[in-house]
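Chain identifiers are assigned alphabetically (A, B, ...) following the order of the sequence lines, protein sequences preceding nucleic acid strands; residue numbering begins at 1 within each chain.
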Amino acid sequence: MHAYRTHTCGELRKEHVGRTVRLSGWVNRRRDHGGLLFIDLRDHYGITQCVVEPDGKAFAAADQARSEWVLTLTGRVVARTAGTVNEDMPTGEVEIRIEDVSVQSQAQELPLPVFGDLDYPEDTRLKYRFLDLRRERLHRNITLRSRVISTIRRRMISQGFTEFQTPILTASSPEGARDFLVPSRLHPGKFYALPQAPQQFKQLIMVAGFDRYFQIAPCFRDEDARADRSPGEFYQLDLEMSFVTQDDVFAAVEPVLHGTFGEFADGRDCGPANFPHITYQDSMLRYGNDKPDLRNPLVIADVGDVFARDDVAFKAFKDKTVRAIPAPGAGAQPRSWFDKIDGWAKSEMGAAGLGYIVLGDDGGKGPIAKFLPQPALEALVAKCGLKPGDAVFFSADAKTERAAILAGHTRTRIGRDLGLINDKEFRFCWIVDFPMYEWNEDEKRIDFSHNPFSMPQYAREKFLNLDKGDKDTILGLKAYQYDIVCNGIELSSGAIRNHDPEVMLKAFEIAGYAREETEVKFAGMLNAFRYGAPPHGGTAPGIDRIVMLIAGEENLREVTMFPMNQQAQDLMMNAPSEVSAKQLRELHIRTVAPE
RNA sequence: GGGGGCGUAGCUCAGUUGGUUAGAGUGACGGCCUGUCACGCCGUAGGUCGCGGGUUCGAGCCCCGUCGCUCCCGCCA
């Protein structure tokens, strides 16, 4: 007989009755009846009830065992009598009569119980991650993650993509997020950077003629965390294709994502196989962000012109962008509901507040209703598609973008509050036509608004002839830049790339990088483009976010095996940590305490 | 860097208007129990109420500061 097990804890059924078997696992639960001792033994595969009576020779040893001890139990499989069968367990028709107990490992009193599904504090869960991972929810999520990655690989390969690895130690690049730096021992004062994404490498792979690349790629960005943004590191399904238009990329990615979600949907509706296209501009207006949750039926309307009317005397909204967020049926909500929404906008969103109007059968009610005479109210109702019993909130700001963003948050808040969001569906869309540049008000200059390597949607000759005086034209330029969004989560960002060295130098010049500087910073890629570069493009869906959505979780930590906390610390491994003076000397590094 | 929430037993939480010795469940330990599967019953131990200061006759509760966790804003090509 094997030293540890003949079967797993999830394996035994009626047909095994009579066999002598050996199981190993953790004590999930112990029930002591004095005259009868039950031990539920758990491993990766399941749980099996084991039982021993006081006159059995194994009783004394079994009686010692406590939660989470690791035991090897040997005994005969017996059928449970009618009435003692547990129909909730796959192994519930049988149990093991314990004849021999071998203690492999003991456990101290647990800081985090494995049994049960209570919530525990995040820092405890992170410090004792190995215990949390034993619990059903995380164990299931992490296993799901593996299956999702496995199916993605299979789908990519079957579509003719080839997986390659790219360097982890590379060069820092300007633009984009803050880099993680690694000091060089051999080159004093110089640093490697961990890749924010294998962006340049995958483009070089296209220049190298490999045609269709993908990788489950680790990416590193030193930016502050969010629930859907892990601190430090995350994984992308990085992919790139040669000789493709934007539509070719869409056609390649849609079946992979839609198919993967469908495979694990478990009854949830994944929407159409071809994702609808929404322009960036439309998305900002109608949904108040560039990652709309299309499960939410609310649509924002621009109503600045209503408040600009001569017969409307509400000064606070004059000369401002005003966006209206409908709240269908909210007329039935108590006054406190409206106050709560308004208070939320003030405290959490830093807004001046949200005006609102409730539509009765005989006109509008609410703090600002009196400023709208009947014709203005009718115009508002028509624009927002309101009916009696509905309410409408207003987000107003002198800055259009601020008004739009507040409206977006409000749309989300109201959609959730009113229970309008169906959590049994996935709604995908492409956000297209992102602006190439944006105005940086703080530093009074033009910045790339997204990926600096994207191809502008503008004729080559005209683009090369742009100069500083064409600011309006430049800020109006769109790029072949697109995102995939699912249920309000940005899953993917991609572009048709700029493979023309002259256009690329010009693109950087517009964003304030001298030609010489661009030549140095992107020497490898620019140089490559001068030796025959195919038109190419791609995208990079976030693996962690895909798994999070499929698992129905709201936080990436629930689908990450060993996550860091919001302050980018690993509480289990104690990272980051101090290093020895010798290590620092070797790296030519001296630390300076913050002020 | 800024804002919101939380912090009481190993763990999950309650704790009224500021008022006697800070409670419950769970876990741990001991005892009883032959069919449980969140077993049940009895008992014992377990507390710097995150930390520091203040107000008060009196602070878990009020005020100020600080630390930790978390969510959000900034940031994230």
Do nucleotides 22-28 of chain B as a string where each nucleotide becomes B, S or -: B if the base has a protein heavy atom under 4.0 Å, S if just the sugar-phosphate does, - if no protein is that close. -----BS
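- Between H7(A) and H16(A), the two ring planes are perpendicular [angle over 60°; tilted spans 30° to 60°].
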Dot-bracket assigned to RNA chain B with the 3.5 Å Watson-Crick/G-U criterion, [ ] for crossing and | for other-strand pairs, is (((((((..((((.....[...)))).(((((.......))))).....(((((..]....))))))))))))....
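- Applying the 3.5 Å distance criterion, the base of C69(B) shares no donor-acceptor pair with the side chain of R125(A).
- Side-chain to base pairing of R30(A) with U36(B): no donor and acceptor N or O lie closer than 3.5 Å to each other.
- Relative to the side chain of P121(A), the nucleotides C11(B), C71(B), G35(B) differ in distance, and C11(B) lies closest.
- Using a 4.0 Å cut-off between charged nitrogen and carboxylate oxygen, R125(A) and D123(A) do not count as a salt-bridge pair.
- A salt bridge is absent between D40(A) and R29(A); no separation between the charged side-chain nitrogens and carboxylate oxygens falls under 4.0 Å.
- The base of C75(B) lies outside donor-acceptor range of the side chain of R221(A), with no N or O pair under 3.5 Å.
- A donor-acceptor contact closer than 3.5 angstrom is absent between the side chains of T410(A) and S395(A).
- N565(A) contributes no side-chain N or O that forms a donor-acceptor pair with the base of C69(B) under 3.5 Å.
- A donor-acceptor contact under 3.5 angstrom links the side-chain atoms of D32(A) to the base of C33(B).
- Residues D293(A) and R295(A) are paired through a salt bridge, judged by an N-O separation under 4.0 Å between the basic side chain and the carboxylate.
- For E95(A) and G35(B), a side-chain-to-base donor-acceptor distance below 3.5 Å is present, hydrogens and geometry of angles not being considered.
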